[in-house]
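Values reported hereafter were calculated over all heavy atoms of this structure, with side chains retained and with hydrogens, waters and symmetry mates removed. Labels below follow one simple rule: chain letters A, B, ... track the order of the sequence lines, proteins then strands, and each chain is numbered from 1.
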Protein chains: 2
Amino acid sequence: MARRGAYHHGDLAAAAVDEAVRLIAADPEAGFSLRALAERLGVAHRALYNHFETREALLAAVAARGIDTLAEALAPAADPRSFLAAYVRFALAQPGLYGVMTQRRYDQINGHPPLRAAVDRVIAVALGTLATPGADADTRRREVMRLWMLVHGGIGLHRAGMLRLRPDAEFADELLLIAGIAAAQENTP
Amino acid sequence: MARRGAYHHGDLAAAAVDEAVRLIAADPEAGFSLRALAERLGVAHRALYNHFETREALLAAVAARGIDTLAEALAPAADPRSFLAAYVRFALAQPGLYGVMTQRRYDQINGHPPLRAAVDRVIAVALGTLATPGADADTRRREVMRLWMLVHGGIGLHRAGMLRLRPDAEFADELLLIAGIAAAQENTP
DNA sequence: GCTTAATGTATCCAGTGGATACATAACCGA
DNA sequence: TCGGTTATGTATCCACTGGATACATTAAGC
């Protein structure tokens with residue numbers, strides 16, 4: 001975030017995003033509140049408005065951060081199976097953050113360049129791992145979108161409790177099986 | 001439920017769900033508020049608590065209503081393509097309601113029998129249209145879940161503005177294309 | 001018909017996002 | 001070195017929210 005000189009609080013904007021991520025992770029069920037965040041930062045809640053126009057803007061920054069973290073988690077994957085497994089692992093480990101990242105309105109992403117850029121970064125990583133190398137751009141994009149839709153939709157239905165799984169089934173395995181990526185178990189940690 | 005005799009307001013519980021659906025459809029962006037609903041019903045907001053333990057309980061009833069409506073919209077479909085097209089049409093026509101239906105927590109569905117029943121009703125309809133008639137139960141369930149995940153995930157990414165579509169592409173067509181249900185064909189890779 | 005439980009109202013509360021007005025400290029040009 | 005401009009933070013206030021408590025009303029059941 002460029003060199004914002006240290007002030008009262010140092011770099012409140014960055015600290016706010018950090019702490020918000022922690023706060024959301026600590027209790028994914030509880031709704032996110034500006035005032036709870038401000039209190040944790042030891043600052044008047046109104047101070048946050050010097051860095052974020054609105055609560056939604058702050059959450060957009062949190063989402064961008066989350067998406068970048070996701071991209072980092074996905075980058076090492078060498079094949080579709082481990083890629084999707086890493087995606088599911090992230091979403092299940094950070095349910096609150098994943099919600100902030102994905103349950104946004106159209107404009108909140110496309111009207112917010114850093115967020116749009118973060119999303120495109122993930123798509124770029126996915127293209128490298130999920131798409132058929134030789135194919136033309138449109139086909140590759142569709143391959144990626146298809147798998148993304150599958151895994152994202154599966155996670156969403158799972159979170160909502162709508163999926164009927166075999167009682168003993170592990171969600172991630174079942175999802176990959178359904179997605180048609182079952183196959184031999186590689187080196188997934 | 002059943003025959004609650006007419007009272008001051010008649011059947012407030014049913015009227016509340018009706019009006020809530022209308023309210024949410026009227027402005028899908030605006031957050032849903034008990035007090036706005038009560039005002040529309042010409043009733044003290046506290047009166048709603050005689051019929052719904054909490055705001056979430058009311059929204060669960062709204063979700064159940066929405067899911068039933070969805071099931072009705074899907075029932076006439078004779079093949080996977082028209083089934084999925086009807087599903088997408090519903091989600092795009094009722095974005096607010098679709099959000100209430102799907103963006104719930106696990107317990108809110110599985111701890112609420114009418115909701116669970118409504119979901120299972122949709123699954124039953126889907127099994128009749130999307131699954132291969134001869135196959136065994138587990139396979140059929142997975143076929144349904146796969147398509148549901150695809151279409152639900154696609155809608156979610158689209159709502160969030162994350163999908164990169166060809167500029168001229170109609171979302172529904174593109175989704176069916178990506179899902180591998182283009183015009184005349186149907187298969188499972 | 002009278003009691004009783006169901007339903008609705010009036011009022012209060014703490015918590016929320018946001019606005020306005022003001023205080024403070026850092027930076028920059030003189 | 002200084003002094004003012006500007007970024008940052010605080011103090012208060014507001015309308016609104018979901019929910020709780022206390023009370024009024026009316027429909028049903030004995």
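Between the C1' atom of C:dA19 and the CG atom of A:L34 lies a distance of 14 Å, rounded to the nearest Å. Remark: P of C:dG15 and CG of A:L37 are 17 Å apart, rounded to the nearest angstrom. Distance B:L48 CG to D:dG19 C1': 12 Å, rounded to the nearest Å. Atoms CG (B:L12) and P (D:dA27) sit 15 Å apart, rounded to a whole Å. Taking atom CG on A:L58 and atom C1' on C:dG18, their separation rounds to 14 Å, with Å as the unit. With rounding to whole Å, B:E56 atom CD is found 14 Å from D:dG19 atom C1'. In this structure, the OH atom of B:Y49 is 19 Å from the P atom of C:dT11, given to the nearest Å.
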Give the table of side-chain donor-acceptor pairs shorter than 3.5 Å for residues 62-77 of chain A, with sequence neighbours excluded, one pair per line with atom names and distance.
{"unit_1": "A:R65", "atom_1": "NH1", "unit_2": "A:D18", "atom_2": "OD1", "d": "2.6"}
{"unit_1": "A:R65", "atom_1": "NH2", "unit_2": "A:D18", "atom_2": "OD1", "d": "3.1"}
{"unit_1": "A:D68", "atom_1": "OD1", "unit_2": "A:R121", "atom_2": "NE", "d": "3.3"}
{"unit_1": "A:D68", "atom_1": "OD1", "unit_2": "A:R121", "atom_2": "NH2", "d": "2.7"}
{"unit_1": "A:D68", "atom_1": "OD2", "unit_2": "A:R121", "atom_2": "NH2", "d": "3.3"}
{"unit_1": "A:T69", "atom_1": "OG1", "unit_2": "A:R65", "atom_2": "O", "d": "2.9"}

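Side-chain N or O atoms of B:R40 include none that pairs as donor or acceptor with a backbone N or O of B:A36 at under 3.5 Å. Listed for the B:R159 side chain is a donor-acceptor partner under 3.5 Å among the backbone atoms of B:P95. Judged purely by atom type and a 3.5 angstrom limit, A:R81 has no side-chain atom pairing as donor or acceptor with the backbone of A:L176. Between the side chain of B:R140 and the backbone N or O of B:T132 there is at least one donor-acceptor pair closer than 3.5 Å. Distance alone, capped at 3.5 Å, is enough to place a donor-acceptor pair between the B:R141 side chain and the A:R164 backbone.
Closest contact between the side chain of B:R55 and the listed nucleotides D:dT10, D:dG18, C:dT7 involves D:dG18. Of the candidate nucleotides D:dT10, C:dG8, D:dG9, D:dT10 has the atom nearest to the side chain of A:A44. With D:dG19, C:dT7, C:dG18 as the choices, the nucleotide that has an atom nearest any side-chain atom of B:H51 turns out to be C:dT7.
On a pure distance criterion of 3.5 Å, a polar donor-acceptor pair joins the side chain of B:R35 and the base of D:dG18. The base of C:dA19 sits within donor-acceptor range of the side chain of A:R46, with an N or O pair under 3.5 Å.
Looking at residues two or more places apart in sequence or on another chain, you find a side-chain hydrogen bond (donor to acceptor under 3.5 Å, both in side chains) between A:N110 and A:R116.
In terms of position on DNA chain D, the residue among A:H45 and A:N50 whose nearest nucleotide sits closer to the 5' end is A:N50.
Contact annotation: B:T54 reaches the phosphate of D:dG19 (side-chain N/O to OP1 or OP2, under 4.0 Å).
At a non-hydrogen distance threshold of 4.0 Å, A:F32, A:S33 from residues 19-33 of chain A come into contact with DNA chain C.
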